[in-house]
Amino acid sequence: MRYELIIFDNDGVLVDSEPISNALLASYLTELGHPTSYEESLRDYMGAAMHRVHDLVEERTGERLPADFDDVFHARVFAAFERELEPVPGAVQVLEKLAADGVPYCVASSGSHERIRVGHRKTGLDRWFDEGRVFSSQDVGRGKPAPDLFLYAAERMGVAPEKCVVVEDSPLGVRAAVAAGMDVYGFTAMTPADRLAGATRLFSDMAQLADLLV
């Protein structure tokens with residue numbers, strides 16, 4: 001294995017949550033008077049922390065989202081997760097192989113700790129991630145595309161940035177990994193390859209990842 005730490009993004013990489021959460025986000029923003037399509041939500045918010053939603057809406061409209069926006073949105077998302085969420089095809093096989101080979105790995109997500117845990121419990125991925133392997137944008141001052149989250153995860157895991165690889169499916173995440181001085185493998189199952197420009201390598205089948213990392 002050429003890397004000493006594999007850092008996974010969560011949404012769209014481990015759990016197949018992006019279609020669910022972006023459809024709900026587009027719907028809720030539209031409901032609040034900020035018309036947003038599913039495609040626009042993917043373009044503007046995929047891979048981002050919630051503060052980006054607030055910042056972009058205020059920047060574009062001069063209006064602030066309601067104080068309870070995050071709570072209402074997350075309640076809708078968690079309810080949908082319980083009904084619909086599945087692991088990304090191939091994710092379990094990758095985690096099984098990394099664990100069997102003793103390769104260190106963790107997750108570093110723009111989502112909250114609660115969102116990560118809800119998704120992992122529903123999909124059964126919680127067996128692969130104890131508390132010491134889970135990092136959220138809540139843990140740092142700035143979310144992606146700033147490098148802070150990935151650098152924090154590497155520091156906590158005791159690995160130098162240049163010896164880490166990030167697995168990402170969003171342009172913001174790729175930018176964050178590059179800014180952190182890490183290699184990044186861009187997962188193109190949902191995101192067009194040209195939107196992940198800057199990735200060290202691109203791949204479309206999560207089940208192949210372990211072999212690609214050797």
Side-chain angles (χ1 to χ4, degrees), residues 1-21 42 46-47 85-111 116-117 119-136 144-145 147 149-214:
M1 183 69 65
R2 73 183 76 173
Y3 302 104
E4 295 183 10
L5 176 65
I6 317 301
I7 303 176
F8 289 96
D9 175 42
N10 190 56
D11 294 293
V13 170
L14 294 175
V15 296
D16 195 15
S17 53
E18 293 291 9
I20 298 171
S21 58
L42 288 175
M46 182 174 169
L85 191 63
E86 298 289 342
V88 167
V92 170
Q93 295 94 307
V94 170
L95 293 171
E96 285 177 341
K97 182 167 178 51
L98 293 178
D101 293 345
V103 178
Y105 63 89
C106 65
V107 60
S109 172
S110 292
I116 298 167
R117 284 302 179 199
H120 284 189
R121 283 196 301 269
K122 173 60 171 63
T123 58
L125 296 184
D126 53 342
R127 64 178 293 200
W128 307 108
F129 291 96
D130 57 40
E131 289 296 335
R133 296 179 190 265
V134 177
F135 306 102
S136 161
K144 306 169 189 178
L149 176 57
F150 292 142
L151 292 173
Y152 176 76
E155 179 183 11
R156 289 290 301 273
M157 296 293 290
V159 178
E162 63 271 16
K163 297 180 180 178
C164 300
V165 62
V166 175
V167 184
E168 264 288 354
D169 71 330
S170 76
L172 294 175
V174 168
R175 286 167 55 192
V178 171
M182 301 176 181
D183 281 359
V184 53
Y185 280 34
F187 183 44
T188 62
M190 257 194 74
T191 308
D194 61 356
R195 295 202 66 214
L196 300 180
T200 309
R201 187 168 190 168
L202 298 173
F203 72 107
S204 60
D205 183 351
M206 187 58 66
Q208 297 178 348
L209 177 62
D211 292 333
L212 296 176
L213 293 169
V214 175

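This one's a predicted model, so the numbers in the text were calculated from it and none came from an experiment.
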Inter-residue atom distance [X].[atom1] - [Y].[atom2], 0.5 Å rounding:
{"X": "Leu14", "Y": "Leu95", "atom1": "CG", "atom2": "CG", "value": "6.0 Å"}
{"X": "Met182", "Y": "Tyr3", "atom1": "CE", "atom2": "OH", "value": "12.0 Å"}
{"X": "His120", "Y": "Arg127", "atom1": "NE2", "atom2": "CZ", "value": "13.5 Å"}
{"X": "Asp9", "Y": "Phe187", "atom1": "CG", "atom2": "CZ", "value": "11.0 Å"}
{"X": "Lys122", "Y": "Ser17", "atom1": "NZ", "atom2": "OG", "value": "12.0 Å"}
{"X": "Ser170", "Y": "Glu18", "atom1": "OG", "atom2": "CD", "value": "7.5 Å"}

Is the ring centre of Phe150 less than 6.0 Å from the ring centre of Phe135? no
Stepwise, does the salt bridge (charged side-chain N to carboxylate O under 4.0 Å, His left out) test hold for Arg117 with Glu131? CA-CA 10 Å; Arg117 284 302 179 199; Glu131 289 296 335; 3.4 Å; yes
Can Ile116 and Phe129 be said to form a side chain to side chain contact (heavy atoms under 4.5 Å, CB included), step by step? CA-CA 10 Å; Ile116 298 167; Phe129 291 96; over 6 Å; no
Return the minimal non-hydrogen interatomic distance between [X] and [Y], and the atom names on each side.
{"X": "Ala197", "Y": "Val174", "answer": "O-CG1, 3.9 Å"}
{"X": "Thr123", "Y": "Pro87", "answer": "CG2-N, 3.5 Å"}
{"X": "Ala153", "Y": "Ile7", "answer": "CB-CD1, 4.4 Å"}
{"X": "Ser204", "Y": "Ala189", "answer": "O-CB, 4.0 Å"}
{"X": "Val159", "Y": "Cys164", "answer": "CG1-SG, 3.7 Å"}
{"X": "Ser109", "Y": "Gly111", "answer": "OG-N, 2.9 Å"}

Flag side-chain contact, heavy atom, 4.5 Å: [X] against [Y]:
{"X": "Leu172", "Y": "Met46", "value": "no"}
{"X": "Tyr185", "Y": "Leu213", "value": "yes"}
{"X": "Asp211", "Y": "Gln208", "value": "no"}
{"X": "Asp11", "Y": "Ser21", "value": "no"}
{"X": "Leu5", "Y": "Cys106", "value": "yes"}
{"X": "Thr188", "Y": "Arg195", "value": "no"}
{"X": "Pro171", "Y": "Leu196", "value": "yes"}
{"X": "Val94", "Y": "Phe8", "value": "yes"}

Taking Ala207's backbone N and O only, do any of them form a donor-acceptor pair with Asp205's side chain (distance below 3.5 Å, no angle check)? yes
If we ignore hydrogens and angles and just use 3.5 Å, is the side chain of Arg133 paired with the main-chain N or O of Tyr105 as donor and acceptor? yes
Between Met190 and Leu42, does the side chain to side chain contact (heavy atoms under 4.5 Å, CB included) criterion hold? Intermediate values first, please. CA-CA 10 Å; Met190 257 194 74; Leu42 288 175; 3.8 Å; yes
Please indicate whether Glu155 has more than 12 foreign heavy atoms, meaning atoms of other residues, nucleotides or ligands, lying under 6.0 Å from its CD. no
Short N-O contact, Arg2 and Asp183, less than 4.0 angstrom: no
Could you point out which residue of Arg175, Lys144, Arg201 forms a salt bridge (charged side-chain N to carboxylate O under 4.0 Å, His left out) with Glu168? Lys144
Might you work through the side chain to side chain contact (heavy atoms under 4.5 Å, CB included) test for Val178 and Val184, ending with a clear yes or no? CA-CA 7 Å; Val178 171; Val184 53; 4.1 Å; yes
